[in-house]
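Below is one structure, written out as structure tokens, with a few remarks after it.
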Amino acid sequence: MRIILLGFGVVGQSFLQLLTLRYNELASIYGLRPRIVAIVDKKGAAIDERGLDMKKMLKVKKEMGSVSKADDKGFPNLSAEEVIKKTEAEIVIEVTPTDIKSGEPGLTHIETSIKNGKHVITTNKGPLALALPALMDLAEYNGVYLRFSGTVGGGMPILDLGRKCLIADRIISIRGILNGTTNYILTEMSEKNIEFNEALRKAQELGYAEKDPSLDIDGFDTASKLVIMANWIMGKKVTLKDVKINGIRNITLKDLMDADKNGKTIKLIGSIDKELEVKPKEISKKDVLCVHGTFNAVTFVSEFAGEETIIGKGAGGMETASAILRDLIDIKTNLSARMMA
Amino acid sequence: MKLVMKFGGSSVANGDCMKRVAKIVSDFVNQGNRLVVVVSALEGVTDQLLEASEEAKKGNLNYTREFIEKIKERHLNTIKDAIKNQSLKKEIESIVRSIVEEIEKVLTGIAYLGELTPKSLDYVLSFGERLSTPILCYSLLDIGLNSKFLSGKDAGIVTDSNYGEARPLMRLTKYQVKQKLEPMLDEGIIPVVTGYIASTQEGFITTLGRGGSDYSATIIGSSLNADEICIWTDVDGLMTADPKIVPSARTMPEISFQEAIEMALFGAKGLHPRALEPAMEEGIPVRIRNTFNPENPGTLIDNKQKIKAGEIVKAVSLIKSVSLVNISGAGMVGAPGTAAKVFDVLGKNNVNVLMISQSASEANISFIIKRASLGKAMSALEIALLGQGIVREITADEDVCIVAIVGAGMKGTPGVAARVFNAVAKKGVNVIMISQGSSEVNISFAVKEKDGENAVRAIHEEFGLSR
């Protein structure tokens with residue numbers, strides 16, 4: 001299976017590491033023989049139609065900053081679009097950074113790939129939050145798969161749990177803590193008795209929060225995940241503008257202490273019911289959703305099976321890479337069935 | 001004698017070539033023969049038309065303009081060098097100019113629509129022959145011969161509407177071609193017909209695809225029940241081997257259709273098996289000759305299998321730029337349908353298979369494909385077959401080549417294979433894969449690319465093909 005990898009940051013590199021670690025197992029158990037035929041980073045591309053040496057590419061990236069510096073395989077300044085159009089491959093993996101306003105460059109990458117008949121796996125929430133119904137339509141029309149397990153809950157199989165495992169049941173509502181950064185900040189505030197700004201600074205120091213933390217603390221990241229779940233699991237054709245969004249910027253230490261008196265705490269809760277909403281809410285400390293630190297938790301309320309909650313680490317390079325690999329195996333299995341039919 | 005003569009692109013590449021062809025035609029006419037001439041486009045023009053239509057599809061009008069100028073100049077130059085008579089020159093110039101205008105309109109239309117259907121592509125590609133044919137016709141007129149030019153459509157060749165690779169409606173075509181051309185021959189006119197192009201029953205232009213102008217010649221030849229069809233090209237005929245590999249290779253004076261078809265499949269220059277079909281059916285001999293060395297009688301292909309004593313192998317060829325794929329797994333043993341699945345997947349992905357081999361153990365299937373499609377083929381096979389418990393491994397040997405040996409004398413002659421592989425083994429060449437059809441007219445085997453030429457030389461020597 002020939003793969004084009006767009007974006008070679010933490011997630012992209014982790015994915016390659018995961019492939020090298022599990023290469024033999026993938027072939028023997030799943031019949032998956034991944035070949036990375038192109039990698040594109042900010043400065044250019046590396047291409048080999050027979051498959052790039054993954055360990056070498058990781059080394060080149062680490063030592064020289066860009067895969068385009070690889071001696072005979074490197075193409076400085078070659079654009080991702082060019083690579084998508086010109087390189088023969090079955091799959092495009094899109095892991096460039098999220099831009100919640102324009103969705104770019106991911107949106108163009110995904111569109112171009114689909115129109116060129118290439119299946120897409122992405123961990124980029126921006127394009128999906130803005131245009132998921134449109135992209136799903138486009139993919140269906142072109143007969144390709146669009147998969148994005150890694151966008152919600154990192155390595156946790158949240159999307160699959162909702163869509164596949166609860167098949168035949170009907171999911172009525174979903175609520176959860178979907179953002180590790182804000183959950184860490186709120187946990188720190190309440191456990192260490194510190195104000196929001198201090199907790200944010202600490203999160204930034206530890207690398208849990210970005211320099212510009214708006215995407216997380218203003219609730220956009222959680223909202224994007226709601227959009228993805230609503231479309232994928234519940235079949236709602238919604239985008240980011242359909243979500244009511246409130247972040248945690250205005251939560252004070254006093255708010256948390258007041259809640260504490262009643263055996264409660266405040267968490268940033270994303271919920272899908274009649275409408276989609278992101279809002280800091282008081283919940284009981286005994287609630288199964290009430291996880292701490294960078295953990296995520298999601299509860300599905302289904303008509304017959306009742307409530308199921310999944311808890312886990314919602315972010316991280318290797319965790320997200322494992323979700324990409326899951327999507328890759330899923331597509332391989334589907335394609336294989338399609339070809340053998 | 002009634003002869004159909006086809007002149008390939010290199011035979012009509014420029015004005016001097018046109019004059020040379022006119023001389024050949026005139027010599028044959030003077031010997032009392034009646035001729036139909038079939039012409040290809042000027043060398044390289046069809047490829048240029050293909051490129052121009054791709055550029056037009058992208059909306060590149062500048063390229064179109066430059067291309068039009070280039071193609072006009074090339075053909076006007078050819079006229080200038082080929083034709084002396086001033087009034088004939090004026091006439092043919094105006095014919096060429098009006099055809100070039102038509103090309104410009106078509107390409108501009110494609111550029112504006114941004115669409116290139118197989119139908120419109122055939123229309124564009126037809127211009128190469130539509131330009132070369134009148135020029136050759138006028139070159140004949142210029143030296144005092146009586147000639148008229150026709151398109152394949154005018155000559156009566158009708159095809160299905162499978163644009164790009166159209167198949168003639170053979171009986172209808174034969175009837176129409178005879179109706180059209182026979183009276184011209186009776187009047188002493190030399191019809192000059194465009195090769196490669198024909199039309200649907202509705203009159204839309206089609207092309208004959210692979211086999212091209214040779215196919216036109218054999219279609220016309222079989223329609224007219226000609227005595228011989230001559231394919232004029234730039235080599236002396238079919239050779240025992242590529243002279244670049246074996247300097248002592250020689251032209252074969254005579255081979256059978258069956259042998260020629262086997263050789264054509266292995267890429268013998270200027271021949272496609274499809275083009276030989278109509279001639280073979282009617283038993284009309286086909287002769288390959290060299291425009292640049294008309295004294296040489298060339299190679300005669302006919303239905304009479306005259307196997308001379310000791311003549312076992314006729315020719316050996318080398319097919320480069322291919323790769324070997326090996327599919328293995330103990331689960332394949334006794335699992336019916338495995339091979340069908342493998343080749344079904346390849347077919348669906350448009351991968352053509354050149355050679356196949358499976359041992360009786362059934363534990364592996366090997367086959368050879370063009371190297372350019374290796375990536376696609378491997379990926380598709382891996383996706384479809386791995387992880388199903390039947391196929392365990394799919395591997396590729398990227399740089400191999402096929403050595404193909406042809407000779408009707410091999411049939412029923414014991415020990416040929418032994419001699420072949422002994423000869424190769426003596427040169428230290430390892431044979432990777434072997435295939436022989438039960439027709440016994442050919443043996444093919446694969447070796448590493450670096451060993452290919454050595455293997456060809458070894459076989460050429462072993463069977464004494466230089467003599």
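Numbered from 1 within each chain, the chains take letters A, B, ... in sequence-line order.
For A:Lys59, the NZ atom counts as loosely surrounded, since its 6.0 Å shell holds 12 or fewer non-hydrogen atoms of other residues, nucleotides or ligands. Surrounding NZ of A:Lys56 are more than 12 heavy atoms belonging to other residues, nucleotides or ligands, all under 6.0 Å away. For NZ of B:Lys448, the number of neighbouring non-hydrogen atoms (other residues, nucleotides, ligands) closer than 6.0 Å is greater than 12. Taking a 6.0 Å sphere around CD of A:Glu140, one finds it holds 12 or fewer heavy atoms contributed by other residues, nucleotides or ligands. Environment of NZ in A:Lys69: crowded, with over 12 heavy atoms of neighbouring residues, nucleotides or ligands closer than 6.0 Å. The local environment of OH in B:Tyr112 is sparse, with at most 12 non-hydrogen atoms from other residues, nucleotides or ligands closer than 6.0 Å. Counting heavy atoms of neighbouring residues, nucleotides and ligands inside a 6.0 Å radius, atom CD of B:Gln48 exceeds 12 of them.
When heavy atoms are compared at a cutoff of 4.5 Å, B:Ala380 approaches chain A by way of both its backbone and its side chain. The part of A:Arg50 that comes within reach of chain B is its side chain, from C-beta onward, which places non-hydrogen atoms under 4.5 angstrom from that chain. Heavy-atom distances place the side chain of A:Glu88, and not its backbone, under 4.5 Å from chain B.
When the candidates B:Leu381, B:Val391, B:Leu374, B:Val345 are compared by the number of heavy-atom contacts under 4.5 Å with chain A, B:Leu374 comes out ahead. Note: B:Gly387 leads B:Gly387, B:Gly389, B:Ala396 in heavy-atom pairs under 4.5 Å with chain A.
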Can A:Arg35 and B:Ser379 be said to form a side chain to side chain contact (heavy atoms under 4.5 Å, CB included), step by step? CA-CA 9 Å; A:Arg35 270 177 242 278; B:Ser379 208; 5.6 Å; no
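When all heavy atoms are compared, the tightest approach of A:Ser336 to B:Ala384 is OG-O, 3.1 Å. Nearest heavy atoms, B:Leu386 versus A:Lys332: O-NZ, 2.6 Å.
Shown are A:Glu90, A:Arg2, A:Arg33; of these, the side-chain contact (heavy atoms from CB on, under 4.5 Å) with B:Glu382 is made only by A:Arg33.
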